[in-house]
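Quick notes on the structure that follows.
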Amino acid sequence: MAGLFSNALEMIKELSTPHAVQYLEPIWSGVDEQLQKLQFSLLLIQPLVEDAEARQLKEQAVRCWLVWLKDAVYDAEEILDEAKTHELLIQRKAQLSGRPRSKVREFFSLHHNPLLFKLQLGKKLRNVNEKINDLIEKMDKFKLRPVVENNSKPLGNRPQTYSYLHESRVILGRDEDKEKLVQMLISDCFGEKVAVVSIVGMGGLGKTTLAQLVYADERVKNHFEKSIWVCVSDDFDVPKLAGEIIRTAAGGGNRDSTNMEMLQQDLRNVLGQKRYLLVLDDVWNEDFQKWDALRNMLLDGGEGSRILVTTRNEKCSRVMGAQKPYILSGLSKENSWVLFEQKAFVDDAEKAPELVEIGKKIVMKCQGLPLAIQVMGSIMRCKSDKSEWQAVFENETWKSQDTENKIMPELWLSYVDLSSHLKRCFAFCAIFPKGHHFREQEVIQYWMAHGLILPGKGTDMEVEGLETFTELIRRSLLQNDCSLPVGKYGRVCKMHDLIHDVAHFVMENECFTSLKGSAGPEIPIKPRHLSLDADENYKQGDCSNIHTVLDYGSDFSVMLKLKLVRLLDLRAANIKELPASIEHLHHLRYLDLSVTDIRKLPETICMLVNLQTLILYGCHKLSELPKSMTYMNSLRHLLFDDHRPEFEALNACLSQLQNLKTLTGYTVEDDAENNIGQLKSLNPFSELALYNLQKVKNADDARKANLGNKQLIHTLKLSWGKLSWGDDDECCSMENAEEVLEALKAPSGVKEFTVSYYPGKQFPMWMGERQQFQYLHHIKLFKCKACEQLPPLEILPCLESLVISRMHGIKHIINNRGNVQQSFPALKFLKLEYMENLEGWCVEEGREANLSLFLRLKRMEIKGCPKLTTLPLGILLGLEELIMVEMDGIKHIVNNRRGDVLQSFPALKELHLWEMRNLEGWCVEEDREANLSLFPCLTSMEIQRCPKLITMLPEILPCLKDLRMYKMDGIKHIVNNRIGDEPQSFPSLKWLWLEKITNLEAWWCVEEGREANPSLFPCLLSMVIIECPKLTTTMPPIPTLQRLYMVESFCDTQISLMSTRRGFFKHLESLQGLTISSCTDKLVKLLEVEEETRAMKSSLEYLSIDNCSQLSLTLVLPNLTSLRDLHVKSIENLVSWPDEMQGWKSLNNLTIISCKNLTGASSQGVCCPPFLTSLGVYSCDALRELPTCPKSLQSLSIVDCPGIQSLLPEMGHLTSLSSLYIHNCPKLVSLSQGMQALTSLQNLSIKSCPALNSFPRGLRQLLPTLKKLTIKECPELERLCKPGGDYYNLLSTISNKKIGEESIQVPHEISTGAKQALKCIATNRFLLLATLICAIACFINFLFNQLDSQVPYFAFLCSYFLFLILAFLGLLKIYFILSLLTCLTLGQ
């Protein structure tokens, strides 16, 4: 709150400077008295606000007074910002016109009339002063005490090397809790197929963290076939949660349907009979009906499935049926103190006994709550005096244990302890919903837009913002999210829900945050910040006071009412252009247009005189910036993609923007306005990319950029081409490239460095200086084709990522001939691609074996290096992922011995080998291969196009879960040998994919005298076999198999053998999904044999059969009583709808495709399966009629059926039908009768049905209730639905409609508003007179602009009053018409 006063007082100072008075002189006389009163009042209240803020948690009257005060100070700040902006607008107008604006012109201006502005400003200031004076009188009742705040000490008083503690380090004393929960999940002690386990405890106890520990436990991972994590929070929306579970379980996708039937089908398909673990985190729901609706969709899991719930409410646990709720208690005294010590004291530093004594008392007050202990420890870390510790311990807030607002006293103290500007920055975070990811750079730019960050002495706002963000992390008010990498937005943090509650408590009356799916969103009366869901429609209130709008839609008519908006997020909005009238948003500081289809920006954007941040990421249709942007000297951050050549046009004259701090791309040109010297005066923050460096004439010009002194740059990209990364540009030739790069010395604080298309032969010396790049984390070198050796990158202490691409002159990675024994000490990711002459890792042969390479390497990608014959020598202890592509020099994965230790990969989890044309085996020492354990932790392996590899790995792979092979012509057997007396198997394999292995003959190579291993795949869940025609052995017994997909595999000989033995499907007792495509008919016809399908009769739910001419559905379906989804394609003997369909009671979805002989005719009326919900018929040329559909049908699709002439005779009974698609049915002449009864219909799509000329009467009645309508290539229907057509008015309520090629919108709101405005003006004499006067002023101003002559002020003043006299003499009507014509002329 005090920070708000500081902002207002700072603006008063700025507006009182001689420079400001020079521009505001016409309006400022007479206002200065009110300004002085405001300044005095703010200075009087400011010292008392700190005390009021601390007391508002306990005293409601103080809180109300603070809310009123904050509103009044906001008003004051807005008024002062208007005055400041007025000054900037006057300057900008002068810049654009090339001359100062005359007083005469300003007097007759509507927007900048000094007289009107003075009257408005004076009135507003008087009102605000009256408000504040009234609040000062009320303030005396509270007896507030002045608090002198010391804001002079720097935020970051800790060493720069301070490192935020990972969350795993603060979980103390939870080992026993974790072990108990793991046993509850994996043991069979519930007697239920799907059981619920709950963790119950108050907020801040660490329930979520404990659940994460359990979820990540290896025993849990191995026990459950599928693990799913869903954060629930306040909104227990069943369709939303079901969709989120589906998305997470399926690994992505988009399921936003609210149709419960479709959701339950998808959910059951994803979960099936798998044993799953579902974590529902932070559940608040106490409504059993909601839980029961979700629970019913989760019961199809495999035996032993578990649902782990975290909740603060034991009643919620009971509602969800948790048999054994796990009540989580607080930490012990010992663990509480250890956690407090980690936060409150510097590591290894001596602890003062008196501070330890007080600290233990503070810990006792935290009652074992980890979050409170962590926050209190963070508070005390920056206090070193005993009196400060004692003051915290004795604070009155500790007594507020039971507050109506449920704010924990410990957490409230963490807020009270903040400095004034930190309080505002922290509280601002409440505009985001709980669970939001706070991206560092974005949040700082938000703070700047609202004036929460002010530049320090000699430092930029961005630096102050970084320190503020770091301080909030240090105080544990923000928590680093270590699961997300540090990217271009900087660190990513989250805020605990209880801490978010504190921020929301402070900002409660200023924020409106809408959650998707919340009912009836209504914007409050006077909010300052809005966080909206762009898909929702809101009841809009007064927009005049709004400062922030996030996730906005595209309604510009409302946007232009946001006169005071400072932050506008139009990211991913459906807009193609910005209106020129955006210039009226004068207070706008932050504008995000990312991922929009905007083609150009209006020239009027230069009138956004306060704009600091403009974001254009993903604006792929934007090719140029307006020329007027060169005047936008408030712009600090211009952000756009750096990987498109057309961005060259974006940099014209950007060097004139002297306040730019982030410039993601600058294209150097030859002309004076865009040469590299223009960067001299710029001091970029965070990121700078320079392109076209071949245009730099010499080293002297390069030095003018002064890169080495730009210490705020963290990411630097230097390119001797148009792009920094890509394949479509060629290296240029330049003789002085080496001297230029030497002169472009990077600043020492850079963390990410990229050089591309560099034409020099060697890199400068500074690239190998340890001190120069001591903070460097990432290096990319791309297409520097002439370079013959790399700089000594191996000595860089912090280098984590190294990418080298298309560097054809490089022969070795390490060229250093010194005595360094450890190289790349911090490297985690290495990528080498298309390096034609790379021969080895170290230039000194013999040194490599004694050199410790890549000790911390986690991931390595090597592609297209044909001369490289070996991987790095030695054991790669930490390597978890290895990818090798087109490595023709590699013959064996393992090539060496180090004494008696054979090279291996003890931590490797993922192995990808693609197009290794000369790969012959796994180990060069064949005699040792059998006793070798190369990959003990391997979980995923993919091998493609390695023609010379004839054997799989010789070892048992105990952890392998996913095996994929593609075009492996040398492989004849999956298993080739024995390990001791045990046949090789895949004990953990769950997913197997075999494609185009044309010589694969059998699963195993059976040794003479031994039988095949019956348990080759004991845990396999999914098998895909595509184009393996020589596979002749029967399917091995796989009792766990759930999905089987076979395409063009197995030969006739094998099927002939199986037709007598009948053992192909016999042992697949868990099979849920079966797809057979273009396999021999004999394989498919096995489905007609009851003995063959008996094992999967009760488990198979999905069956897809393609290209089988002899299959009889009437023989197959009775054997599969659990089948829910049936897809058949290209079955020639399917002529009519089977009479037995009504007996297929389990079937929900039926899809018929390309059955060219299907007519639909039958000897008797055929009914569909009684519980069918979806019917789709596609490309059935002979189809004439459909079967009678059941009431349960929800979706009906008829596509590419040229023979059908009408739908069902009667559809009135289909009351559940929600979607109807009819496409490409040229003979269809009519729809069904009784369609008025289709009350659930939401989506209707009719395309390419030219013979359909009208809708039946029942459907016409239903049109206004639809949500989506598509009519295309139906000429007569399109005519009826377009303006002037009979159906046009019926479509006005449909939110999503497409008629023909364009979407139709009904602009009735705009026209109605215009009529009301004209009526109001015409019937109100006062408004009529005001309009006339304004029109006259506009007319004179218009004449002045046109004539552009030096007319005396007195002459214009006479003309002005002459028109007024004429108006009062009765010529109102004539001049009213004149005023309208004048306004129209000016508008054009």
Where is the tightest heavy-atom contact between [X] and [Y], given as atom of each residue plus distance?
| X | Y | answer |
| --- | --- | --- |
| Leu478 | Cys493 | CB-CB, 4.1 Å |
| Leu744 | Leu707 | CD2-CD1, 3.9 Å |
| Ala907 | Leu877 | CB-O, 3.2 Å |
| Val750 | Glu752 | CG2-O, 3.4 Å |
| Glu915 | Cys946 | N-SG, 4.4 Å |
| Ile893 | Phe935 | CG2-CZ, 4.2 Å |

Does any non-hydrogen side-chain atom of [Y] lie less than 4.5 Å from one of [X]?
| X | Y | value |
| --- | --- | --- |
| Tyr966 | Ile943 | no |
| Glu794 | Ile813 | no |
| Leu679 | Tyr666 | yes |
| Leu466 | Ile444 | yes |
| Thr470 | Ile473 | no |
| Pro797 | Arg770 | yes |
| Gln774 | Leu796 | no |
| Phe824 | Leu793 | yes |

Identify whether the distance between the nearest side-chain nitrogen and carboxylate oxygen of [X] and [Y] falls below 4.0 Å.
| X | Y | value |
| --- | --- | --- |
| Arg703 | Asp701 | no |
| Glu861 | Lys863 | no |
| Lys867 | Glu839 | no |
| Glu440 | Arg491 | yes |

Do side-chain atoms of [X] reach the backbone of [Y] as a donor and acceptor pair under 3.5 angstrom?
| X | Y | answer |
| --- | --- | --- |
| Trp720 | Ala737 | no |
| Glu880 | Arg859 | no |
| Asp641 | Gly618 | yes |
| Gln694 | Tyr691 | no |
| Thr869 | Gly889 | no |
| Asn736 | Lys697 | yes |
| Asn918 | Asp888 | yes |

Tell me if the centroids of the rings in [X] and [Y] come within less than 6.0 Å of each other.
| X | Y | answer |
| --- | --- | --- |
| Phe469 | Phe438 | no |
| Phe773 | Phe753 | yes |
| Tyr757 | Phe782 | yes |

Separation of [Y] [atom2] from [X] [atom1] (nearest 0.5 Å):
| X | Y | atom1 | atom2 | result |
| --- | --- | --- | --- | --- |
| Gln762 | Glu742 | CD | CD | 9.5 Å |
| Met916 | Leu919 | CE | CG | 5.0 Å |
| Cys865 | Met887 | SG | CE | 5.0 Å |
| Met835 | Leu868 | CE | CG | 9.5 Å |
| His808 | Cys787 | NE2 | SG | 12.0 Å |
| Gln441 | His714 | CD | NE2 | 8.0 Å |

Looking only at side chains, do [X] and [Y] share a donor and an acceptor under 3.5 Å apart?
| X | Y | answer |
| --- | --- | --- |
| Ser805 | Glu833 | yes |
| His912 | Glu942 | yes |
| Thr939 | Glu910 | no |
| Lys695 | Asn675 | no |

Within 6.0 Å of [atom1] in [X], more than 12 heavy atoms from elsewhere:
| X | atom1 | answer |
| --- | --- | --- |
| Lys909 | NZ | no |
| Phe829 | CZ | yes |
| Lys710 | NZ | yes |

Please lay out, stage by stage, how Leu799 and Ile779 fare under the test side-chain contact (heavy atoms from CB on, under 4.5 Å).
CA-CA 8 Å; Leu799 185 63; Ile779 290 183; 3.8 Å; yes

Would you sort out whether Phe854 and Leu802 count as a side-chain contact (heavy atoms from CB on, under 4.5 Å), showing the intermediate values?
CA-CA 11 Å; Phe854 312 126; Leu802 174 60; over 6 Å; no

Let me see the working for Asn837 and Met807 under side-chain contact (heavy atoms from CB on, under 4.5 Å), right down to the final yes or no.
CA-CA 8 Å; Asn837 294 306; Met807 302 270 289; over 6 Å; no

Criterion side-chain contact (heavy atoms from CB on, under 4.5 Å) on Leu781 and Leu790, from CA distance to verdict
CA-CA 10 Å; Leu781 303 175; Leu790 297 173; 3.8 Å; yes

